[in-house]
Amino acid sequence: MEKTWWHNAVVYQIYPRSFYDSNNDGIGDLRGVISKLDYLKNLGINVIWLSPVYQSPMDDNGYDISGYQTIAREFGTMEDMERLFKEANERDIKIVMDLVVNHTSDEHPWFVSARESRDSPYRDYYIWRDATPEGNPPNGIDSIFGGNAWEWDEKTGQYYFHLFSKRQPDLNWENPKVHQEVFKMMNWWIEKGIGGFRLDVIDLIGKEVDKGITGNGERLHPLLQQMNRETFGSKNILTVGETWGATPEIAKLYSAPERNELSMVFQFEHITLTWEGGDKWQPIPLDLKEFKDVLTKWQVELQDKGWNSLFWNNHDLPRAVSKFGNDKEYRVESAKMLATTLHFLKGTPYIYQGEEIGMTNVAFEQLSDYRDIETRRFYDVKTATGVSHEHMMDAIHKNSRDNARTPMQWNSSEHAGFTGGTPWITVNPNFPQINVEAALSDSNSVFHHYKTLIELRKSHEAIVYGTFTPVWQDHQYVFAYVREYQGEQLFIVSNFSEQEQTLQVPTRYQGDQVECLISNYAAPSAIDATMTLAPYESFAVKLK
Ligand code: TEU
Ligand code: CA
């Protein structure tokens, strides 16, 4: 495999609205990001994925773009953005922009014109269809945010298509003019010196609505190859596609270097295991054996072809420690265990803001404290079909996107030091205990654990390029594997349960003396024939 810079990058995702507010209007902003670059440099990351900061009416917090080459006023100005590039660059940090081109906002000038009349030059930038003879939507495709994906437009007498909210009309990727507009815009950002793109729901752009196909349409991969050729292909930047419908086979299509598509994709198989029948509002407990099988499959399948992205959470998902660990009595131990498990896998790790201090889910009692459009819509959709308020509140506490969106907890002062004003969403009440200031001053904190993991990646090529071999594959609670590269052998062991686990160690992994790279309890100095792991204990050792 030809080596490239993003193979050993560590990416930090910033959701700017919730990161740091520099002017006390309650909303995080670009100057806020700039003022925290030294914090990120100290953590050791070298790439920031910045969730959208473009002009937007914020129906979906910026994933509804009304101006691709303008910065939303509440986030700052283009000058602030350029200063962010410059200051990040001075710290060897690259900025990956969030590219949302499956849809725009209904306030984008293209759509404003398109809905004016059927003759608008922008009409075909979007997807319009007549009503059926009975006066119904063309078909039953559902919106991902609930309800039918077709919205009736009174003025021009047709339906338009929206896979997300009705204020996020889908672009028509069957129209070559749309390609040219998008590619031109992407090149404009590339010229500004960005480090890459995270491509929002990119597996939807090959859709064929009349056939009922939304994800993984036939035109998807040719389109990405065209995008690659006409924009970033020659630039050596990081591109990561958000692809809910990816299997390992599909992921190889995107990320095999000779196919000239993307660097890597986000896959969600390990995430949706706790969604009964794929429905996040029907949460079920995690089966660790299944979870291990999924992660192992992805490691093995993409071993020689393609590349994995590694993540436990993002701005759409519950907090890692709440979902996969124990956010009460073993919060610190399990947050470290999860970090070690992920950062030693093969692929590029992503850290979501606050994960590095072990931030947890929130459980607002009132629905009115939730801001997320998906959460609010599904509350209505589900309760209208008879689901109880209690059921929905429980599901929201477990899976609402707002779990990830409460403000970053900087210190123990009011509103966690996120803002001097009133935050747009309430701060998690656990901020007096869980915050950056406390984490920085405690050498045993989750923060310092992440910092060590990032340093280790830089000094051990086995973490980046080593082969992956699972150990105790059938164990119900322990996830363990070996990474090996050019004679270096790393053995990673993690107990995902709050019970002690005792295991028989295969002879080849035993050793009188091992070098412990990282651990969350006392560092082991030898690997004996029998091993007992404390609750959520985890370590990585170098076998000699
Ligand atoms: O997400 C796509 C997506 O399908 C999920 O986020 C979905 O909202 C849900 O969590 C699954 O049940 C991307 C962005 O990451 C998200 O923030 C945007 O709302 C969405 O696209 C629309 O742009
Ligand atoms: Ca602000």
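When a residue number appears, it is its place in the shown sequence, counting from 1.
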*asked:* Angle between ring planes, Tyr465 versus Tyr485, binned at 30° and 60°: parallel, tilted or perpendicular?
replied: tilted
*Quick one: sort the Tyr39 and Trp410 rings into parallel, tilted or perpendicular, breaks at 30° and 60°.*
perpendicular
*asked:* Can you see whether Ser165 engages Asp60 through a side-chain donor-acceptor pair at a distance of less than 3.5 angstrom?
replied: no
*Should the pair Lys544-Asp512 be classified as a salt bridge under the 4.0 Å nitrogen-to-oxygen rule?*
no
*For the residue pair Trp312 and Phe324, categorise the inter-ring angle as parallel (less than 30°), tilted (30 to 60°) or perpendicular (more than 60°).*
tilted
*Should Arg198 and Asp200 count as an ion pair when the cut-off is N to O under 4.0 Å?*
yes
*Can Arg319 and Asp327 be counted as an ion pair, charged N to O under 4.0 angstrom?*
no
*asked:* When you measure from the side chain of Trp298 to the backbone of Asn308, do you find a donor-acceptor pair of N or O atoms at a distance under 3.5 Å?
replied: no
*Say whether Asp442 and Ser445, considering side chains only, have a donor N or O and an acceptor N or O under 3.5 Å apart.*
no
*For Tyr521, enumerate each residue passing the side chain to side chain donor-acceptor pair (under 3.5 Å) test, keeping only those at least two apart in sequence or located in another chain.*
none
*Answer yes when Glu498 and Lys328 have at least one side-chain N-carboxylate O distance shorter than 4.0 Å, and no when they do not.*
no
*Please confirm whether Phe311 and Tyr352 have ring centers closer than 6.0 angstrom.*
no
_Strictly below 4.0 Å, N to O, side chains only: are Asp394 and Lys398 in salt-bridge contact?_
yes
*Taking only Lys NZ, Arg NE, NH1 and NH2, and the carboxylate oxygens of Asp or Glu, determine whether Lys280 and Asp316 approach each other closer than 4.0 Å.*
no
*Taking NZ, NE, NH1 and NH2 as the nitrogens, is one of them in Arg376 or Asp380 under 4.0 Å from a carboxylate oxygen of the other?*
no
